[in-house]
Every structure is written in structure tokens, then in C-alpha cells.
Amino acid sequence: MKNKKLKIWSLYVVLLHAFLVIVLAKSDFIMKVGGVLGVYQTPELSGYYNRIVEYHKRMDGNVQENSAIFIGDSITQGLAVSSVMVPSINYGIGSDTTLGVLNRLQYYQSMDSAKVIFLAVGINDLRRRSENEILLNYTKIIERLRDNYLVISAILPVDEIYTDVNNEEIINLNNKLKKLVSKYKNITFIDAGNDLIDSTGNLKKDNHIGDGVHLSTNGYEIWIKALKQSVI
């Protein structure tokens, strides 16, 4: 009887662990933990990315002519784009990179009749590729959009206490990006960084949501003001 109970208990423990493994494998828990520990990096063109691109494809045929099109990562995705220009469409995707933008430009036929295209991407690239590779991807994006009027936003500062990206590399990349876009007559470059930082050069606490990267309502208000100024 004692051995039978022990076997039942052992089988229960094994089944419970198997169940937990299946549940965790289907969720993003393992990936998140791996990311924190630095042993796992999420795919650049993830399942989430592909799902949002599918939404964009369905939306694109209904975009009005002379619209403002906003393309970028999660900071763009959280932007109230109609506060900058009307009509407008938000094609931001969380965690996107210059490679992701290059991959999805082909699906946006609305760009052919857009009044202006706003581009803000690059912060996530700093964890994946070199400065030169980022600038090369930017060049390819710009060449693809050469017939459009572009407003390119500098990569926004971070609060280094909360993130592994540092502001020195952001500033260096922005300086090179500004030099790159200065060669093109169809591009306006804006940098709202100085209005978002505190006395230490970090993204001011009031301007982010507590993770050092994503803008708060106050931070967005500052960025929106700069974006609006770029098209006046």
C-alpha cells in the first residue's frame, strides 16, 4: 500500500511538472526570463510583429490621400498621431527595428499618396547591430522613400538607471544619422532630446512610465510639440 501511494505521488509530480513545462513553453515567460538573464534574444521579426503587419495590410487600403503616416517602434505605437496631424495613420510596432521597417514598407501602398511620413526607429537596433549597420538600414529606408517628404526623429534619450542602453551611444548615433539625412532635400530631422532630459542627461522621470524608455503622457506632449513644429 505504501509503495502504491508513493508511485501515485511520483506520477502526480511528474504530470504536474510536465503540465507546467507545456504552459510556460506556450507563454513568453521563458523568453522574458532568458532576456533578463541575457541568454535569450527574442526573434527580430517575431510572431507579434507579423500579426501587427497583417493588421496594417488590411488597414492600408482605407488610408486617405494626403495623410501623415507614422512608422516606428513602440514609442510611435503609443503616439496619439492625430495630435500631430490630421488625417494620419499609426504604423508603429512594439520592439521594431530598422530591419523590421525595411521589411514592411512594401505593404504600405498609402505611402504613394502620403503628405508626409514620420519615421522614428533605432533604439531596439542598439541591442542587435552595430552603428554602421543601423545607418546602412536607414540609408536603404530613405532611398525607398526618396519620393516622399520625410520627418525623421532622433532616437530619444533613456534613463540609464532602468535600461542597458546608454545615452552616449544614442547621441553618437543621432549625430551620424543627422549627418546622413542632411544629404537629402526631402528630409527634416528633429531632435526633441534636450527637452526630455534632466540635469544628468537622462530621460526625466516625469517623461517616462517607469522603465526608462517609454514616454509618459508628459513625455509625449513634448515630443508631439517637436513633431508638429517640423511640419509647420
Side-chain angles (χ1 to χ4, degrees), residues 45-46 48-125 137-156 174 177-178 180-181 184-193 195-196 207-209 213-232:
L45 305 183
S46 64
Y48 172 77
Y49 168 91
N50 289 319
R51 285 196 301 276
I52 301 300
V53 169
E54 287 302 315
Y55 293 147
H56 290 175
K57 288 180 185 179
R58 298 198 291 271
M59 294 160 58
D60 197 67
N62 299 119
V63 176
Q64 298 179 47
E65 290 188 5
N66 294 314
S67 290
I69 297 178
F70 292 77
I71 300 174
D73 49 37
S74 58
I75 298 176
T76 297
Q77 193 173 25
L79 174 67
V81 294
S82 61
S83 294
V84 181
M85 281 189 70
V86 177
S88 58
I89 186 77
N90 190 329
Y91 284 153
I93 298 181
S95 300
D96 204 11
T97 60
T98 54
L99 177 66
V101 169
L102 264 175
N103 178 72
R104 59 191 172 103
L105 287 179
Q106 60 185 307
Y107 303 120
Y108 303 147
Q109 302 305 313
S110 57
M111 294 189 305
D112 294 339
S113 61
K115 186 171 186 177
V116 56
I117 296 173
F118 291 88
L119 180 65
V121 68
I123 186 70
N124 298 308
D125 286 84
N137 282 349
Y138 251 107
T139 301
K140 291 177 181 178
I141 293 169
I142 291 168
E143 289 296 327
R144 169 67 178 80
L145 301 176
R146 196 153 188 168
D147 293 332
N148 298 96
Y149 172 50
L150 302 180
V151 174
I152 294 181
S153 172
I155 299 168
L156 301 180
N174 280 336
L177 182 57
K178 184 177 181 180
L180 169 66
V181 304
Y184 297 86
K185 294 181 179 179
N186 64 316
I187 301 175
T188 296
F189 184 80
I190 64 160
D191 189 349
D195 296 322
L196 289 163
N207 293 334
H208 67 82
I209 62 173
V213 176
H214 295 95
L215 298 179
S216 63
T217 300
N218 191 65
Y220 272 119
E221 188 175 341
I222 294 169
W223 194 37
I224 287 169
K225 183 179 179 181
L227 292 170
K228 289 174 73 173
Q229 190 64 35
S230 69
V231 290
I232 290 178

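No hydrogens, no waters, no symmetry mates; every other heavy atom, side chains included, goes into these values. Sequential numbering from 1 along the given sequence is applied to the chain's residues. Note that the structure is a prediction, hence the values are computed from the model and not measured.
Between the CD1 atom in Ile117 and the CG atom in Leu105 there is a gap of 8.0 Å [rounded to 0.5 Å]. Annotation: the span from His214 atom NE2 to Ser216 atom OG amounts to 12.5 Å, rounded to 0.5 Å.
A search for salt bridge (charged side-chain N to carboxylate O under 4.0 Å, His left out) contacts involving Arg146 returns Glu143, not counting sequence neighbours. Partners of Asn218 according to the side-chain hydrogen bond (donor to acceptor under 3.5 Å, both in side chains) rule, which considers only residues two or more places apart in sequence or in another chain, are Asn207. For the side-chain contact (heavy atoms from CB on, under 4.5 Å) test, residues two or more places apart in sequence or in another chain that qualify with Asn186 are Leu150, Tyr184.
The main-chain N or O of Asn174 is never found under 3.5 Å from a side-chain atom of Asp191 such that the two would form a donor-acceptor pair.
Annotation: side chain of Ile187 is not in contact with side chain of Leu145 (no heavy-atom distance under 4.5 Å). In this structure, the side chains of Ile142 and Leu180 come closer than 4.5 Å at one or more pairs of heavy atoms. Phe118 has its side chain out of reach of Val81: every pair of non-hydrogen atoms, C-beta onward, lies at least 4.5 Å apart.
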N/O donor to acceptor pairs below 3.5 angstrom from side-chain atoms of residues 220-232, sequence neighbours left out:
from: Tyr220; atom 1: OH; to: Ile75; atom 2: O; distance (Å): 2.6
from: Trp223; atom 1: NE1; to: Ser153; atom 2: OG; distance (Å): 3.2
from: Ser230; atom 1: OG; to: Leu227; atom 2: O; distance (Å): 2.5

N/O donor to acceptor pairs below 3.5 angstrom from side-chain atoms of residues 89-104, sequence neighbours left out:
from: Asn90; atom 1: OD1; to: Gly92; atom 2: N; distance (Å): 2.8
from: Asn90; atom 1: ND2; to: Thr76; atom 2: O; distance (Å): 2.9
from: Asn90; atom 1: ND2; to: Gln77; atom 2: O; distance (Å): 3.4
from: Asn90; atom 1: ND2; to: Leu79; atom 2: O; distance (Å): 3.1
from: Tyr91; atom 1: OH; to: Asp60; atom 2: OD1; distance (Å): 2.9
from: Asp96; atom 1: OD2; to: Arg104; atom 2: NE; distance (Å): 2.9
from: Asp96; atom 1: OD2; to: Arg104; atom 2: NH2; distance (Å): 2.8
from: Thr97; atom 1: OG1; to: Glu44; atom 2: OE2; distance (Å): 2.5
from: Thr97; atom 1: OG1; to: Leu99; atom 2: N; distance (Å): 3.4
from: Thr97; atom 1: OG1; to: Gly100; atom 2: N; distance (Å): 3.2
from: Thr98; atom 1: OG1; to: Asp125; atom 2: OD2; distance (Å): 2.6
from: Thr98; atom 1: OG1; to: Asn137; atom 2: ND2; distance (Å): 3.0
from: Asn103; atom 1: ND2; to: Tyr49; atom 2: OH; distance (Å): 3.0
from: Arg104; atom 1: NH1; to: Tyr91; atom 2: O; distance (Å): 2.7
from: Arg104; atom 1: NH1; to: Tyr108; atom 2: OH; distance (Å): 2.7
from: Arg104; atom 1: NH2; to: Gly72; atom 2: O; distance (Å): 3.0
from: Arg104; atom 1: NH2; to: Tyr91; atom 2: O; distance (Å): 3.1

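More than 12 heavy atoms of other residues, nucleotides or ligands lie within 6.0 Å of NZ in Lys57, so this atom counts as buried by the packing criterion.
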| said: Under the criterion side-chain contact (heavy atoms from CB on, under 4.5 Å), I'd like the reasoning laid out for Tyr138 against Val181: C-alpha separation, chi angles, the key distance, then a yes or no. | reply: CA-CA 9 Å; Tyr138 251 107; Val181 304; 5.8 Å; no

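Within the structure, salt bridge (Lys or Arg N to Asp or Glu O under 4.0 Å) contacts touching residues 78-91 (residues at least two apart or in different chains) do not occur.
Taking all atoms of both residues into account, the shortest heavy-atom contact from Arg144 to Gln106 is NH2-CA, 4.4 Å. Residue Ile69 comes nearest to Ser110 through the heavy atom pair CD1-OG, 3.3 Å, listed as atom of the first residue, atom of the second, then distance.
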